[in-house]
Chemist: 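One structure, pasted below without further comment.
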Amino acid sequence: MFADKMILRIPGPTPIPPRVQQAMNQPMIGHRSGQFSELFARTAKRLKPYFGTSQDVFILAGSGTSALEMSVVNTLQPGEEAVILVSGAFGERFAKICERYGVIAHRLEVPWGKAVTPDLLQAFLSDKPQVKAVFATYCETSTGVLNPIRELAQVVRQHSDALFIVDAVSCLGAVACEMDAWGVDIVVTGSQKAFMLPTGLAFLAASERAWQVIDQKKPLAFYLDLKAYRKSLAENTTPYTPAVSLVFGLDEVCSMLEEEGLPAIIKRHELMRDMTRAAMRALNVPLMAEDAYASPTVTSCDPQGAFDAEELRKVLRTRHNVVIAGGQQHLKGKIFRIGHMGYCEPLDVLQVIAALELSLRQIGAPVELGAGVKAAQEVLFAHV
């Protein structure tokens with residue numbers, strides 16, 4: 001009926017709040033003006049609570065992957081060794097970035113849908129004394145697994161001298177992250193997930209311990225030289241042209257996050273996760289992640305051949321204007337993923353579940369209409 005009324009429920013990019021869209025529509029200003037410097041300094045400081053750090057947060061024009069690459073090229077040199085925790089597509093991306101720059105990448109791999117546990121990491125590190133960095137993915141977007149970063153950080157601290165570097169692209173701003181308290185050395189994220197912005201900004205924070213290493217290294221890239229960003233941030237600017245309109249939007253996003261408060265944001269995302277998982281169980285749709293490691297921002301489901309995941313996605317999109325994500329790499333065409341982060345609330349989850357039920361029935365899957373919605377409503381009712 002309304003072809004332009006698309007309901008976007010993928011794990012990024014996520015919907016943009018109208019007030020953030022309005023903020024980004026402000027007239028352009030000079031990126032070296034005092035007005036922009038004030039805006040930039042303010043937003044950089046407002047990001048610190050979501051990282052859980054007192055350190056500077058750097059803002060660069062680029063996707064989340066640019067911040068992943070920045071974390072590699074400023075901390076490692078060709079021939080040095082790193083451990084990469086691979087529990088899905090984005091852990092593998094960290095490994096590929098390392099190898100592109102001549103870093104020796106030791107992959108600690110677990111089956112997709114499983115988390116990397118502290119015991120596995122401890123055993124893997126035991127015979128690798130030369131490792132300079134350990135890279136982990138907080139939320140593995142491809143599987144819906146939330147790796148236990150706090151516990152993994154403890155293992156790295158106790159059993160190596162390596163830096164601990166975390167990709168939090170698809171969860172920061174929606175889950176707890178205590179970078180300083182947990183002993184994480186670098187955290188990176190992007191703008192298009194829980195921060196409710198278009199793609200185009202990346203954020204990075206580094207510990208004092210990380211800076212001791214960075215200051216001794218010659219960066220392997222020009223645009224991603226973190227020391228250049230530190231020098232510019234001290235002057236409330238960036239070394240290269242910033243994405244001014246996105247920073248306008250980021251300032252408004254920070255206002256929205258502060259109005260709700262981080263504890264409430266975390267609880268909202270956990271509630272949406274629990275609603276989605278309860279619904280899938282009621283519909284007999286297998287979940288990929290165990291309850292203990294289930295992400296609050298994305299739920300991955302594996303029909304295991306009971307129905308065609310791609311046919312389900314097509315019917316959702318073409319008949320109900322609901323867009324969910326498919327699988328990646330070897331899971332392409334086999335699974336589907338529901339994003340529930342950022343500008344999303346429990347009633348939005350009910351809407352998607354209702355459309356999912358209809359679509360499952362329309363492709364011939366034996367589901368009871370209303371079963372998933374009822375299960376999700378029961379979870380919601382217990383929280384309201």
Chemist: Does CG belonging to Asp215 count more than 12 external heavy atoms closer than 6.0 Å?
Modeler: yes
Chemist: Rounded to the nearest 0.5 Å, what separates atom CD1 in Ile353 from atom CG in Leu283?
Modeler: 8.0 Å
Chemist: Apply the test side chain to side chain contact (heavy atoms under 4.5 Å, CB included) to residues Ile186 and Val166: give CA-CA distance (whole Å), side-chain angles for both, the deciding distance (0.1 Å), then the verdict.
Modeler: CA-CA 6 Å; Ile186 293 179; Val166 174; over 6 Å; no
Chemist: Might you point out which heavy atoms bring Met179 and Ala205 nearest each other, and give the distance in Å?
Modeler: CE-O, 3.4 Å
Chemist: Testing Ile363, Leu360, Leu356 for side chain to side chain contact (heavy atoms under 4.5 Å, CB included) with Leu316, which one passes?
Modeler: Leu356
Chemist: Around Glu368, counting heavy atoms of other residues, nucleotides and ligands shown, do more than 12 lie under 6.0 Å from its CD?
Modeler: no
Chemist: Calculate, to the nearest 0.5 Å, the distance between atoms CZ and OG belonging to Arg317 and Ser359 respectively.
Modeler: 11.0 Å
Chemist: Would you list the atom pairs, donor with acceptor, under 3.5 Å between side chains in residues 144-156 and any protein atom, with sequence neighbours excluded?
Modeler:
from	atom 1	to	atom 2	distance (Å)
Asn147	OD1	Val116	N	2.9
Asn147	ND2	Ser87	OG	3.2
Asn147	ND2	Thr137	O	2.8

Chemist: Which residues pass the salt bridge (charged side-chain N to carboxylate O under 4.0 Å, His left out) test with Glu290, sequence neighbours left out?
Modeler: Lys114
Chemist: Less than 4.0 angstrom from a charged side-chain N to a carboxylate O is my criterion; do Lys267 and Glu270 meet it?
Modeler: no
Chemist: With a 4.5 Å cut-off on side-chain heavy atoms, are Arg209 and Ile214 touching?
Modeler: no
Chemist: From Arg273 CZ over to Met341 CE, what is the distance, rounded to the nearest 0.5 angstrom?
Modeler: 13.5 Å
Chemist: Contact between Gln77 and Leu220 at the side-chain level, heavy atoms closer than 4.5 Å - yes or no?
Modeler: yes
Chemist: With side chains defined as the heavy atoms from C-beta onward, is the minimum distance between Leu163 and Lys132 less than 4.5 Å?
Modeler: no
Chemist: After noting the C-alpha distance and the side-chain angles of Arg277 and Asp291, does the key distance pass the salt bridge (Lys or Arg N to Asp or Glu O under 4.0 Å) rule?
Modeler: CA-CA 9 Å; Arg277 292 175 70 81; Asp291 286 346; 2.7 Å; yes
Chemist: Do Glu235 and Thr237 have a side chain donor and acceptor closer than 3.5 Å?
Modeler: no
Chemist: Check for a donor-acceptor pair, side chain of Ser37 on one end and backbone N or O of Gly34 on the other, with a separation under 3.5 Å.
Modeler: no
Chemist: Do other residues, nucleotides or ligands put more than 12 heavy atoms under 6.0 Å from Arg32 CZ?
Modeler: yes
Chemist: Taking 4.0 angstrom as the limit, do Glu69 and Arg100 come out as a salt bridge?
Modeler: no
Chemist: Could you name each residue pair satisfying ring pair (Phe, Tyr, Trp, His ring centres under 6.0 Å) that touches residues 150-189, not counting sequence neighbours?
Modeler: none
Chemist: Under 30°, 30 to 60°, or over 60°: which ring-plane class applies to Tyr240 and Phe222, parallel, tilted or perpendicular?
Modeler: tilted
Chemist: Quick check for you: to the nearest 0.5 Å, what is the distance between Thr276 atom OG1 and Leu271 atom CG?
Modeler: 9.0 Å
Chemist: What residues, two or more places apart in sequence or in another chain, satisfy side chain to side chain contact (heavy atoms under 4.5 Å, CB included) together with Asn25?
Modeler: none
Chemist: If the threshold is 4.0 Å, N to carboxylate O, is there a salt bridge linking Asp225 and Arg230?
Modeler: no
Chemist: side-chain hydrogen bond (donor to acceptor under 3.5 Å, both in side chains) for His320 and Gln362? Distances and angles first, verdict last.
Modeler: CA-CA 11 Å; His320 305 292; Gln362 287 166 334; 3.0 Å; yes
Chemist: Does Thr238 reach the main-chain N or O of Thr241 with its side chain, forming a donor-acceptor pair under 3.5 Å?
Modeler: no
Chemist: Among residues at least two apart in sequence or on other chains, which ones pass salt bridge (charged side-chain N to carboxylate O under 4.0 Å, His left out) with Glu80?
Modeler: Lys217
Chemist: Ignoring hydrogens and angles, tell me if any N or O in the side chain of Glu357 forms a donor-acceptor pair with the backbone of Ala371 under 3.5 Å.
Modeler: yes
Chemist: Of all the heavy-atom pairs spanning Ile16 and Pro198, show the shortest one and how long it is.
Modeler: CD1-N, 3.5 Å
Chemist: Check whether any side-chain heavy atom of Asp348 lies under 4.5 Å from a side-chain heavy atom of Tyr343, and answer yes or no.
Modeler: no
Chemist: Any side-chain heavy atom of Glu178 within less than 4.5 Å of one from Phe51?
Modeler: no
Chemist: Name the one of Lys48, Arg46, Arg42, Lys45 that satisfies salt bridge (charged side-chain N to carboxylate O under 4.0 Å, His left out) with Glu258?
Modeler: Arg46
Chemist: Are Leu125 and Val134 close enough that some pair of their side-chain heavy atoms sits under 4.5 Å apart?
Modeler: yes
Chemist: Might you work through the side chain to side chain contact (heavy atoms under 4.5 Å, CB included) test for Thr299 and Cys301, ending with a clear yes or no?
Modeler: CA-CA 7 Å; Thr299 297; Cys301 305; 4.1 Å; yes
Chemist: Does the Thr297 side chain pair with the main chain of Ser170, one donor and one acceptor, at a distance under 3.5 Å?
Modeler: yes
Chemist: Within a reach of under 6.0 Å around CZ of Arg19, are more than 12 heavy atoms found that belong to other residues, nucleotides or ligands?
Modeler: yes
Chemist: If you count every heavy atom of other residues, nucleotides or ligands that lies below 6.0 Å from Glu208 atom CD, does the total exceed 12?
Modeler: no
Chemist: Can you measure from CG (Leu287) to CG (Asp302) and round to the nearest 0.5 angstrom?
Modeler: 10.0 Å
Chemist: Check whether more than 12 heavy atoms from other residues, nucleotides or ligands sit under 6.0 Å from atom CD of Gln22, and answer yes or no.
Modeler: no
Chemist: Taking only residues at least two apart or on different chains, which pairs with a member in residues 87-130 satisfy ring pair (Phe, Tyr, Trp, His ring centres under 6.0 Å)?
Modeler: Phe94-Phe135, Trp112-His330
Chemist: Taking Arg337 for the side chain and Val298 for the main chain, is one N or O donor matched with an acceptor at less than 3.5 Å?
Modeler: no
Chemist: Do the non-hydrogen side-chain atoms of Leu226 and Pro219 ever get within less than 4.5 Å of each other?
Modeler: no
Chemist: Stepwise, does the salt bridge (Lys or Arg N to Asp or Glu O under 4.0 Å) test hold for Asp185 with Arg157?
Modeler: CA-CA 10 Å; Asp185 292 299; Arg157 283 287 168 272; 2.6 Å; yes
Chemist: If you apply the rule side chain to side chain contact (heavy atoms under 4.5 Å, CB included), what do you find for Leu233 with Phe40, and how did you get there?
Modeler: CA-CA 9 Å; Leu233 185 59; Phe40 187 75; 3.6 Å; yes
Chemist: For the residue pair Thr43 and Asp251, confirm or rule out a side-chain donor-acceptor distance under 3.5 Å.
Modeler: no
Chemist: Could you measure the distance from the CD atom of Glu378 to the NE2 atom of His383? Nearest 0.5 Å is fine.
Modeler: 12.5 Å
Chemist: Quick check: does any side chain N or O of Thr14 sit under 3.5 Å from a backbone N or O of Lys193, one acting as donor and the other as acceptor?
Modeler: yes
Chemist: Begin with the C-alpha distance, continue with both residues' side-chain angles, and end with the deciding distance and a verdict on side chain to side chain contact (heavy atoms under 4.5 Å, CB included) for Asp180 and Ser54.
Modeler: CA-CA 8 Å; Asp180 293 352; Ser54 60; 3.4 Å; yes
Chemist: Side chain of Arg268, backbone of Cys344: donor and acceptor closer than 3.5 Å?
Modeler: yes
Chemist: With a 4.5 Å limit on heavy-atom distance, are the side chains of Gln328 and Lys332 in contact?
Modeler: no
Chemist: Taking the six-membered ring for Trp, are Phe195 and Phe203 closer than 6.0 Å centroid to centroid?
Modeler: yes
